[in-house]
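Read through the structure below, which is laid out as structure tokens, and then see the notes.
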Number of protein chains: 2
Amino acid sequence: MTYTQHQIVKRLGISRATLHRVLSNSPKVKPATRDRVLKELQELNYVPNAIAQSLKTSKTKTLGIMGPATANASQIDKLSSLYVAARELGYSIIFAYSDGSPEADANSIRELQSRMVDGIIAFDRGLHANTQLYKSLVDGGKPLVTLYPTPGVETDCIYVNTRDAFSRLTKHLIDLGHKDIGLLITASQSNYIVNRELGFRDAMKKAKLPINDNWIIYASPDGMNTINSDDEEAAAWKISDYQYGFWGASLLFAKRSRPTALVCYTDEAAIGALRAAHMAEISIPDELALVGYNDKEDAKFARVPLTTMHQPDELIGKKVLQTLVKRINGELPSKAVLEALSAKLIVRESCGSHLAK
Amino acid sequence: MTYTQHQIVKRLGISRATLHRVLSNSPKVKPATRDRVLKELQELNYVPNAIAQSLKTSKTKTLGIMGPATANASQIDKLSSLYVAARELGYSIIFAYSDGSPEADANSIRELQSRMVDGIIAFDRGLHANTQLYKSLVDGGKPLVTLYPTPGVETDCIYVNTRDAFSRLTKHLIDLGHKDIGLLITASQSNYIVNRELGFRDAMKKAKLPINDNWIIYASPDGMNTINSDDEEAAAWKISDYQYGFWGASLLFAKRSRPTALVCYTDEAAIGALRAAHMAEISIPDELALVGYNDKEDAKFARVPLTTMHQPDELIGKKVLQTLVKRINGELPSKAVLEALSAKLIVRESCGSHLAK
DNA sequence: ATGAAAGCGCTAACAC
DNA sequence: GTGTTAGCGCTTTCAT
């Protein structure tokens, strides 16, 4: 049974205002009254109706997250620190599922607007198709924090400088003496992918190393066989990075020549590539140095432990939430916060640097 | 800018009731009026205030998920199908973070009750510490679906029969001719763990095979070195299954004798064990057959592709949601729904069955 | 230190 | 076909 203030007030023979005063810790209430009320509250296990509170105050103390549910797996660390921080600040999280398509995103935004969330976190991968949607949100005054900068939308953003990260990752290989370096990514226009390629090119250019287009692999399902036949009907967005890595590397290994080092767009892709190398009897790192990105737990336990970049995901989740809440509370200057964090190089065996001496 | 019905009604010179009729597709409104209203609605981009609707109707069309955010990674498939199904039925999801402790769970329940969710999904691992909490929920009439049966709580439950799954997994090894079989799990009282051990014992007993207690490993951080030193301060619940698998297997390999086959409690643990085997120069599957559980994507791409059990996670997510919504709508008999689904054996290389001929 | 009353945005019963 | 009205549970101003 759940009681309302009305019922409690009747039982106690006091007024709603008094009840509210003890609920809100106002000092203006006689200790004796307060105790009596508190006791009753306890006894009846009173739980305030947040819906009614929200309607009255026009603050829901809820935050919306919009993003692809499938991205959660890779963003899990950001998400969990975000949840923890939200609870600490008294906010609830509404997760509005979206596959990243403009239609789904529009639905998510409608859902969150309708629920009157106090702010929104866009957990997408920086696809620009939805710039207009975000713009309308921000113009409408709804606080929005994104995880990738969105050109054209002046909104708060906490992100990892992936371009720089990939540049440094590539440079690590260059410093090891590699000159023939390939890149394994997927075909996509998202920031998520594009910045990785840009970072790679930055490093190569800076080192005055030529880029062999044959060694830039855009992995895709086209004409590939899945490693497991019953995957075949799976939609493209459900294909894992492992699979893309496996396909991409297989493609590379089938070519007439191959680089001495390969940068993969995620750890999962690198693990897929590891498997392709194993099947092609190419020894890692002796015959091919390999690096991933993200420092997922399985990178540590891969066939060959992966050299990779570690993102400060927990910190990001925390900062995202804090920024959003500050924005909601009007504690931030009107200029959008744009904070870039750096990834950190984690050297393990797959790059072969333990051999180079 | 977000408009209220009041403002729209004023602009249009009609009554709230008429507006409402248009909004709710009531036939009792003159087509001309309807069109005029619809056009204005469109123009003003009217978004209904779900908070006000909820207060009025005492239905929020929201569902609460309570569970550890860290579990999401392994339960991601259940979660995403659940999100999709929720959207289809017009429900929003509030995620109430909890680390599984009774205090955190109590907080989650309070949060969800306060937000007046129409129903709750308990995404925990079947820890019984919170039986009372669940019981009070159910007794209070709040629809609740769990993912593990909770003795003492009469509530809907959609789950995988892990005990049976582990029994069949173990039997696969027995059928391959193994007699000396070990089990690698963690020390925990949760259903999640306990049923795995029970299933293993069932199969051994049925085959009249002795169980060597030395080969039942309860992996724990005690006295172990992490594979990566900066993990050391991490709390126990943040330790990955990979790590437990690595520790557990290392422990086993240090013993005087070892089994010819090892059942691991998850794929991640099996991958950790794979690494330990590699370091101990034990060849998998030749010297030790190894199996995991869950059929995660990385099982396919492991150093040795893992034989494992596949759970119908997407189906579960969908069923959980459908059951909950039916319960909310009063479409279910008062007796609790208890539906067990089966896991499916996926044979790859790590069990060595491709060698046995 | 306490109480009365208005109103947040919406729905639905009832009257016309 | 259309309009009037009460009220969901809460917060908050204004009296007392």
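Sequence lines set the chain letters: A, B, ... in the order given, protein chains first and strands last, and positions in each chain run from 1. Computed from a predicted model, the values in this text were never measured in an experiment. All values below come from the heavy atoms of this structure, side chains included, with hydrogens, waters and symmetry mates left out.
Distances were taken from every side-chain heavy atom of B/Ala52 (C-beta onward) to each of C/dG3, C/dG9, D/dG1; the shortest belongs to C/dG9. Closest contact between the side chain of B/Ala17 and the listed nucleotides D/dT11, C/dG3, C/dA13 involves C/dA13. Considering only side-chain atoms of B/Asn49, the nucleotide from D/dG1, C/dG9, D/dG9 that sits closest is C/dG9.
Among the protein residues, B/Ile51 comes within range of no part of the nucleic acid, since none of its heavy atoms lies under 4.0 Å from any strand. Base engagement by A/Gln5 is indicated by at least one non-hydrogen atom pair under 4.0 Å involving a base atom. Using a 4.0 Å heavy-atom criterion, one finds that B/Thr33 contacts the sugar-phosphate atoms exclusively. Across all strands shown, A/Thr4 has heavy atoms under 4.0 Å from sugar-phosphate atoms exclusively, and none from any base. Counting non-hydrogen atoms under 4.0 angstrom, B/Thr18 reaches the backbone sugars and phosphates but no base.
Nearest-nucleotide positions on DNA chain C place A/Pro27 closer to the 5' end than the other of A/Pro27 and A/Arg16. Place B/Leu55 and B/Gly13 on DNA chain D by their nearest nucleotides, and B/Gly13 ends up nearer the 5' end.
Between the CZ atom of B/Arg115 and the P atom of D/dG9 there is a distance of 18 Å, given to the nearest Å. The OH atom of A/Tyr3 sits 14 Å away from the P atom of D/dC10 (whole-angstrom rounding). What separates CD1 of B/Ile14 from P of C/dC10 is a distance of 13 Å, to the nearest Å. Separating the CG atom of A/Leu41 from the P atom of D/dC10 is a distance of 11 Å, rounded to the nearest angstrom. Taking atom CD on B/Gln7 and atom C1' on C/dC8, their separation rounds to 13 Å, with Å as the unit. Put simply, NZ on B/Lys28 is 11 Å from C1' on C/dC14, counting in whole angstrom units. Distance, A/Leu19 CG to C/dT2 P: 12 Å, rounded to whole Å. Atom CD1 of A/Ile8 and atom C1' of D/dC10 are 12 Å apart (whole Å).
Below 30°, between 30° and 60°, or above 60°: for A/Tyr148 and A/Tyr192 the angle between ring planes is above 60°, a perpendicular geometry.
Counted within 6.0 Å of CD on B/Gln42, heavy atoms from surrounding residues, nucleotides or ligands total 12 or fewer; the atom is thus considered open. The number of heavy-atom neighbours closer than 6.0 Å to CD of B/Glu154, taken from other residues, nucleotides and ligands shown, is 12 or below. Around CD of B/Gln53, the count of heavy atoms belonging to other residues, nucleotides or ligands within 6.0 Å exceeds 12.
The phosphate of D/dT11 has OP1 or OP2 within less than 4.0 Å of a side-chain N or O from A/His20. Dashed line: the shortest gap from a side-chain N or O of B/Tyr46 to OP1 or OP2 of C/dG9 is not under 4.0 Å.
For D/dG3, its base sits under 3.5 Å from the side chain of B/Arg21 at one donor and acceptor pair at least. No donor-acceptor contact under 3.5 Å links the side chain of B/Arg34 to the base of D/dG1. A/Lys56 contributes no side-chain N or O that forms a donor-acceptor pair with the base of D/dG9 under 3.5 Å.
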Notebook entry, point to check: Can A/Tyr134 and A/Asp139 be said to form a side-chain hydrogen bond (donor to acceptor under 3.5 Å, both in side chains), step by step?
Noted result: CA-CA 8 Å; A/Tyr134 288 159; A/Asp139 290 349; over 6 Å; no
Check: Under the side-chain hydrogen bond (donor to acceptor under 3.5 Å, both in side chains) criterion, do B/Ser108 and B/Glu111 qualify, and how do the steps go?
Finding: CA-CA 5 Å; B/Ser108 295; B/Glu111 173 181 348; 5.2 Å; no
